[in-house]
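Reviewing the structure listed below.
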Amino acid sequence: MRARVLLSLVFTVVLASCMSNGSTMASADYDTGAPRAVPLRVSTSNEPAKALFGPVATASAQAPESFGSYARGCIAGAALLPETGPTWQAMRLSRNRNWGHPALIDFVKRLSAKAATQPGWAGLYVGDMSQPRGGPMTSGHASHQLGLDVDVWMLPPNRLDLSASERESLSSISMQRSNGAYVNSSWTRQHMEVIRAAASDPAVARIFVFAGAKAQMCKDATGDRAWLRKVRPWWGHHYHFHVRLACPAGDNTCEDQAPPPPGDGCEEAEGWVNRILNPPPPDPDPAPPTPPRGPLTLADLPAQCASVLRSQ
Ligand SMILES: [Zn+2]
């Protein structure tokens, strides 16, 4: 029985990460809640791993390394993205999720400097990255566990001197129209240029954005279109786009996702758009729903994650 549950889990993770169909397996890429400061604990029980990772306030005192997969892993020796830099501000500081692999910190700095060259963009407002030791989050995301994922707000920053409380109250804006089939009037050429810059970065494996944005970029992109391959339509992702780095070289137990299918993926994006506009009729004979699984426990994560939690 346990083997069957595990198998179906593996299948679920593969499905959820293949991004190539209209599966309703949403990536749970929404966010609420804030971290609490409680002492470090390590449990080997069935306690949800998010209850162990969520409250830890600082990174582990270890060399930087990501262990496991994007939705089932952790990170040792994470670095903190400074709350404010010359071309970025981290948002929702109370969540304490501006941590990541040093490769991710470098990437955010790089991308924000490029964003700042776009008219109307002072840089980037940076949303959730990872908890200080990665792992499952107390709320929101299924992924973001390795310190290799970052949500970038779609709201073009017009100033980078927001106070901590402004960073709690300010909201991003939606770019979608018709349930995500199209972009709305807030979408600009500059959004495409920022996403193009992200996708053109060799450290980046994938970018998730709502289908209407991918379809619009398919129409508007000129010249080399190879970067479009990394931009994948996904549910949600109209207030922010989500950038996922590939496993850094040398992180040998970090599991990359299979690369996106060859090509620019524009036909696939059209398929998403068509399904949004003309939803298929309900299946008259649906397969029985898979029973919901419990939250991940420490035993579900790579063995190294216990020492990541334990490290003072
Ligand atoms: Zn995300």
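Since the structure is predicted, the reported quantities are computational estimates derived from the model, not experimental observations. One-based numbering, in listed order, for ligands and for the atoms of each.
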Item to check | Metal check, the Zn ion (ligand 1) vs His242 N/O/S, cut-off below 2.8 Å | outcome: yes
Next on the checklist: If hydrophobic clusters are built by linking Ile, Leu, Val, Met, Phe, Trp and Tyr wherever their side-chain heavy atoms come under 4.5 Å apart, do Leu93 and Leu81 end up in the same one?
Outcome noted: no
Checklist entry - Would you say His144 reaches the Zn ion (ligand 1) with an N/O/S atom under 2.8 Å? => result yes
Item to check | Presence of salt bridge, Asp151 and Arg97, under 4.0 angstrom | outcome: no
Checklist entry - Would Ile195 and Val273 show up in the same hydrophobic cluster when neighbours are defined by side-chain heavy atoms closer than 4.5 Å? => result no
Next on the checklist: Does either side chain, that of Asp128 or that of His141, offer a donor lying less than 3.5 Å from an acceptor on the other one?
Outcome noted: yes
Checklist entry - Within Asp151, is some N, O or S atom less than 2.8 Å away from the Zn ion (ligand 1)? => result yes
